[in-house]
2 protein chains.
Amino acid sequence: MKKASLSDIALRLGVSKTLVSFVLNGKAKEYRISDDICQRVMDVAKELNYTPNRIAQGLRTGHTKTIGLIIADIANPFFGKLGREIEQEAARYGYNIIFCSSDENPEKSAQQIAMLQQSQVDGFIISPPINSEDQIRTLAKGQIPFVLIDRFFPEIDCNHIVVDNFDAAYTATKHLLSLGRRRIANITLNLDLANMKDRTDGYKQALRDASIEVDENLVKVLPFSHENKDVALAINELLGKKDDLKADAILFSTSKIGIMAIECISSLGLKIPDDIAVVSFDNTDAYKICVSPVTVIGQPLKEIGKTAMQILLNEIKHPGVKVKTQKVTLKTEFIVRKSCGS
Amino acid sequence: MKKASLSDIALRLGVSKTLVSFVLNGKAKEYRISDDICQRVMDVAKELNYTPNRIAQGLRTGHTKTIGLIIADIANPFFGKLGREIEQEAARYGYNIIFCSSDENPEKSAQQIAMLQQSQVDGFIISPPINSEDQIRTLAKGQIPFVLIDRFFPEIDCNHIVVDNFDAAYTATKHLLSLGRRRIANITLNLDLANMKDRTDGYKQALRDASIEVDENLVKVLPFSHENKDVALAINELLGKKDDLKADAILFSTSKIGIMAIECISSLGLKIPDDIAVVSFDNTDAYKICVSPVTVIGQPLKEIGKTAMQILLNEIKHPGVKVKTQKVTLKTEFIVRKSCGS
DNA sequence: TATTTTCGCTAAATCGATTTAGTAAAAAAT
DNA sequence: ATTTTTTACTAAATCGATTTAGCGAAAATA
């Protein structure tokens, strides 16, 4: 027994499928279908267990009620939680999410965008990898609404939602300074990503404002696809020196870096915060139960996800209406725990 | 400028869209399209930047190259990592993943299954919540292939991939016993879930095999939607007693429980493993940098995801061919760290 | 030369919905 | 009694692909 279609119901009742469509879409009144027929259609629909074929609807109407989500890695709790918020908000309006992990790889994201376009998604939410400017520019010229999250390209005018990374890093660094740390390091990712650059800029500015010269040896920039050994190397370079050259604090620009780094620090037998203070971006679970719970910069994931969907749904609902692009910058939350001492 | 369709190419060249379809699907030889026309079709396709409309293809062919994934919560790193593996394997074959978080809520999962069916997914991968037996049974009667992961219902004959939970818990408990622990507790979730039940059963069996009577006061069963306070209560009941009634070790049946519990234990000023030894299911990042890195039962996420997709794709490729249902049980990996002492 | 085969291609049905334009019959208005 | 309006519905186009059946011309065979 295969799925019932509109025609099946129409055939069964000897009416047109137009009528059936009207009834099942709640347009019975509008098209003055008689109450009697109306009821019978609904009865048969229930009896045959009819559900609309969204693919057919999509072909005809041009919208699929599907959103494409491209992030770096759904296995990364930061993106996982963000994905969850987006899913939740989308579900409220009957939208599904197709997710793609780009691994920060622009070729992958290009291919994923293409595939999602072929799947006729109604919109995109993208956390664009480095060197994907062209893809985003092309997207901006097209008809499909999209919103960038987590990062953006300052030179491209399009919707995006980010946090105030500069301010967050500035605050975190000032916090370390206030606790007497002077040789504060920063481990970050490829600085071509706007959000990463802002974090390091904020860190540097805080140092400068405290009249401390920025020591470029204390800024470690990892490749996108960083692994344990990359982090280990950076940690060794920061901590394996003579006392007065050694770092006494580190700001991690992502939690993925931070977790690897803390693992590494522990295995060196060093204690946080006594030997080294740490602060990290992203309030991930791991930091709560850490050797010394980590002071973090928490991002408003719920708000990011919700706002992104809202902007997207609004554009989807009003196609062609070119409203001003939405550029939202949200505040982070600085959560002090024990990893910086006191 | 909107997207080019087959007809656009056909019109431009003054040929039929049948021909264009043949050429672009690599059937030119088979239908003996002349090389000349063939080339011109491809040129125009490129010029117009043609990409097929998967929705239209889906309507006509009946398959959408889309898989529905229903798990408890994509923000939970366990499911996030699993999702990632599934996505990766799916992508290799040109399949997209629509994900849905059920929150272990059967009403939600029922609705999600319905929605995904309407979206004409080619198959499902589901981690079924408690009380969703009927949904799965209905699914089993239908035509759409599916695979259960993480848990299954013993009484329903369908594809599933799980790990040997009994054995894993047994091993973990024996490990604790071998280190001299005697009052070993277990914090778990609603035991109606087959995987949770197996874990607790394995734990109990290990105790019995060591001639230790199972003390039901040491088994704490949390509600599905457990929060910090539920875990805190359980921990208090286990550790807030006189010395000889107190637990000296705990097996956490999920990492979500474990993380909350360890946070709670720390806040009580207790030390792991001195005051209390812990072992947990799931090798989540948090456990690596924990106060005392946690000994865990790691699940073969890559293999689970890969196998699930393989089984699914095989059934999708051979519809109607009712092969034997695949019931796979994979081994876990016991990773000893420092949380049990020595 | 007549017939068959091959070649190169096309018409049209189909998937399952939505939607525009319209129609026949009944009721209301003139 | 005629016209107009309303009522209750339907036919057919459409979205963009796939696929079956078949057609006319050229080439091969008889």
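We name chains A, B, ... by the order of the sequence lines, and we start the count at 1 in each one. All of these numbers come straight from a predicted model, not from anything done at the bench.
Checking A/Arg92, A/Lys306, A/Lys302 one by one against A/Glu85, the salt bridge (charged side-chain N to carboxylate O under 4.0 Å, His left out) holds for a single residue, A/Lys302.
The pair A/Asp35-A/Lys29 counts as a salt bridge, with a side-chain nitrogen and a carboxylate oxygen less than 4.0 angstrom apart. A salt bridge links B/Arg84 with A/Asp73: the distance from a Lys NZ or Arg NE/NH1/NH2 to an Asp or Glu carboxylate oxygen falls below 4.0 Å.
Looking at A/Thr18, its side chain has no donor and acceptor atom pair within 3.5 Å of the base of C/dT18.
Regarding A/Gln118, its CD atom lies at a distance of 13 Å from the C1' atom of D/dA17, rounded to whole Å. Spacing between atom CD1 of A/Ile9 and atom C1' of C/dG16 amounts to 12 Å, rounded to whole angstrom units. Atom CG of A/Asp8 and atom C1' of C/dG16 are 10 Å apart (whole Å). Between the C1' atom of C/dT18 and the CG atom of A/Leu6 lies a distance of 9 Å, rounded to the nearest Å. Atom-to-atom, CG of A/Leu19 to C1' of C/dT23 comes out at 15 Å; the value is rounded to the nearest Å. Separating the CG atom of B/Asp122 from the C1' atom of C/dC15 is a distance of 15 Å, rounded to the nearest angstrom.
Using a distance-only test at 3.5 Å, with no hydrogens or angles considered, a donor-acceptor pair links the side chain of A/Thr138 to the main chain of A/Asp134. Counting only distance, with no hydrogens or angles, the side chain of A/Ser119 and the backbone of A/Val121 share no donor-acceptor pair below 3.5 Å.
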Identify all pairs in which a protein N or O lies below 3.5 Å from an N or O of nucleotides 24-28 of chain D, and state each distance.
none

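Mapping B/Phe22 and A/Leu59 onto DNA chain C via the closest heavy atom, the residue that lands nearer the 5' end is B/Phe22.
Side-chain contact annotation: A/Glu104 with A/Asn190, donor-acceptor N/O pair under 3.5 Å absent. When only modelled atom types and interatomic distance are considered, A/Ser109 and A/Gln135 share a side-chain donor-acceptor pair under 3.5 Å.
Within residues 24-49 of chain A, the residues having any heavy atom closer than 4.0 Å to DNA chain C are, in order of number, A/Asn25, A/Lys27, A/Tyr31.
Contacts of B/Ser21 with the nucleic acid, taken as non-hydrogen atoms under 4.0 Å apart, include base atoms.
Here A/Ser5 does not reach the OP1 or OP2 of C/dG16: none of its side-chain N or O atoms lies under 4.0 Å away. Between B/Gln57 and D/dT18 there is a side-chain N or O to OP1 or OP2 distance below 4.0 Å.
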